[in-house]
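Order of the sequence lines sets the chain letters (A, B, ...), proteins ahead of strands, with each chain counted from 1. Everything numeric here is computed off the predicted structure, so don't read it as measured data.
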2 protein chains.
Amino acid sequence: MTTNQADDALLALAQSFREALRQSVYVMRRLDSEEQLSSAQLGVLKMALDGGARVGGIARNLGVKVPSATEQIIKLERAGLVKREADPDDSRAVRVAATPAGRAAVENADRRRNEFIAGILGTLSQAERDAVQAALPVFDKINNSVQN
Amino acid sequence: MTTNQADDALLALAQSFREALRQSVYVMRRLDSEEQLSSAQLGVLKMALDGGARVGGIARNLGVKVPSATEQIIKLERAGLVKREADPDDSRAVRVAATPAGRAAVENADRRRNEFIAGILGTLSQAERDAVQAALPVFDKINNSVQN
DNA sequence: TCCTAACAGTTAGGATACCTAAATATCAAG
DNA sequence: CTTGATATTTAGGTATCCTAACTGTTAGGA
């Protein structure tokens with residue numbers, strides 16, 4: 001039946017997709033292992049760049065629970081990369097802002113990581129890069145589905 | 001200059017790609033959180049299906065160090081999903097083989113995870129699925145580059 | 001034959017990131 | 001002014017990974 005064929009194709013794609021996911025985790029780990037700033041911390045730091053991210057928002061955006069975000073924020077604070085200050089409008093809340101050192105750290109980390117990945121992407125054919133390019137927005141969409 | 005333009009494009013693609021990687025980690029975590037078998041364990045178990053995977057091979061294939069593989073293997077053994085036996089040809093080595101229960105566990109876990117992902121893929125347009133499909137081999141290639 | 005270097009795996013110890021539950025403080029509505 | 005909801009932190013625990021050190025086996029000379 002047509003439906004089952006469609007399902008089978010979908011399941012086969014899902015299987016391959018899962019394989020790619022597993023690999024992504026591995027690539028991410030490699031990327032992290034060469035750096036001082038973990039990707040979790042880099043994620044927090046980037047959200048603190050605009051000057052007033054709240055802990056809950058950071059956690060939501062990062063796909064982790066609030067205590068996990070707090071943990072990273074504390075580490076960054078101890079490293080002098082962000083500062084925490086009371087939200088003037090809501091004393092329950094905390095605003096996390098990158099310090100100048102934090103800003104510099106983001107730029108450095110981002111650049112190095114991008115160069116590493118760009119180095120790999122540079123070995124691909126243009127068609128392959130186009131394929132990646134075309135898939136990225138879809139990945140974004142998939143993530144949002146999962147985010148739920 | 002042409003070279004710099006190409007570099008810039010590559011770096012921009014790298015940036016987007018990294019964003020997708022970050023999301024992948026998140027999706028993977030979600031996928032894992034709903035299951036009994038972690039994806040690390042599922043990976044080990046799959047390699048044990050053919051009956052005689054060695055610890056070192058499993059570690060290499062999984063992109064982790066040998067002690068990390070051992071750790072997962074021990075957990076699987078305690079759960080009755082694999083058994084360890086001496087390699088008849090080389091007494092230093094250990095052969096890891098899935099038990100019938102292990103085999104069943106893989107099938108179950110794989111099916112459930114594939115269905116979860118297929119459910120998401122099913123909400124996409126055909127063009128979007130094609131884009132994913134086309135990008136998967138490239139992801140594979142990128143992974144192999146990183147594996148180094 | 002025996003020694004030694006290389007190799008396969010396990011054990012021990014430690015780091016990191018994540019989670020849930022409980023505690024603290026503030027806000028907002030009645 | 002009380003009470004329930006909200007924002008964050010603290011406490012405690014889990015999983016995965018890592019490096020270094022240890023045990024046992026193999027293989028290639030001297």
Task: Rounded distance (Å) that lies between atom P of D:dT8 and atom CD1 of A:Ile58 - done: 9 Å
TODO: Give, for atom CG of B:Leu21 and atom CG of A:Leu31, the distance between the pair rounded to the nearest 0.5 Å.
DONE: 7.0 Å
Open item on the list: Protein within reach of the bases, or only the backbone? For nucleotides 19-30 of chain C, mark each nucleotide 5' to 3' as B, S or -, using heavy atoms under 4.0 Å.
Closed with: BBB----BS---
Open item on the list: Consider side chain to side chain contact (heavy atoms under 4.5 Å, CB included). Of A:Val66, A:Val96, A:Val94, which one does A:Ile58 pass it with?
Closed with: A:Val96
- [ ] Give the rounded distance in Å between these two atoms: CD of B:Gln41 and P of D:dT14.
- [x] 15 Å
- [ ] Have a look at A:Arg95 and say if it touches a base, only the backbone sugar-phosphate, or nothing, with a 4.0 Å heavy-atom cut-off.
- [x] nothing
- [ ] Without swapping roles, check the side chain of A:Arg129 against the backbone of A:Leu124 for a donor-acceptor pair under 3.5 Å.
- [x] yes
Task: Lys/Arg-Asp/Glu bridge criterion (N-O < 4.0 Å) met for A:Glu115, A:Arg112 - done: no
TODO: Please report, rounded to the nearest Å, how far the C1' atom of D:dT6 is from the CZ atom of A:Arg60.
DONE: 11 Å
Open item on the list: Would you compute the distance between atom CD of A:Gln72 and atom CG of A:Leu62 and round it to the nearest 0.5 angstrom?
Closed with: 8.5 Å
Task: Value rounded to 0.5 Å, distance of CD in A:Glu19 from CZ in A:Arg22 - done: 4.5 Å
Open item on the list: Based on the rotation axes of five pairs at each end, what angle does the helix from C:dT1-D:dA30 to C:dG30-D:dC1 bend through, to 10°?
Closed with: 0°
Open item on the list: In this structure, how many angstroms lie between the P atom of C:dC7 and the CZ atom of B:Arg54, rounded?
Closed with: 12 Å
Open item on the list: Tell me the interatomic distance from B:Tyr26, atom OH, to C:dA17, atom P, rounded to whole angstroms.
Closed with: 18 Å
- [ ] Find the distance B:Glu85:CD to C:dT10:P and express it as a whole number of Å.
- [x] 13 Å
Open item on the list: So, does A:Thr70 get its side chain near the phosphate of D:dT8, meaning an N or O under 4.0 Å from OP1 or OP2?
Closed with: no
Task: DNA chain D contacts made by residues 72-83 of chain B, counting heavy atoms under 4.0 Å - done: B:Gln72, B:Lys75
Task: Qualifying residue, where the test is ring-ring contact (aromatic ring centres under 6.0 Å, His included) with B:Phe139 and the options are A:Phe17, A:Tyr26, A:Phe139 - done: A:Phe139
Open item on the list: Under a 4.0 Å threshold between the charged nitrogen and the carboxylate oxygen, would B:Arg92 count as salt-bridged to B:Asp87?
Closed with: no
- [ ] For residues B:Ala101 and B:Gly80, report the shortest heavy-atom separation together with the two atoms involved.
- [x] CB-O, 3.9 Å
TODO: Considering just the side-chain nitrogens and oxygens of B:Ser38, establish if one lies under 4.0 Å of OP1 or OP2 belonging to D:dA15.
DONE: no
Open item on the list: Atom CZ of residue position A:Arg111 - does it have more than 12 heavy atoms of other residues, nucleotides or ligands inside 6.0 Å?
Closed with: yes
Task: A:Lys46 NZ: over 12 foreign heavy atoms closer than 6.0 Å - done: yes
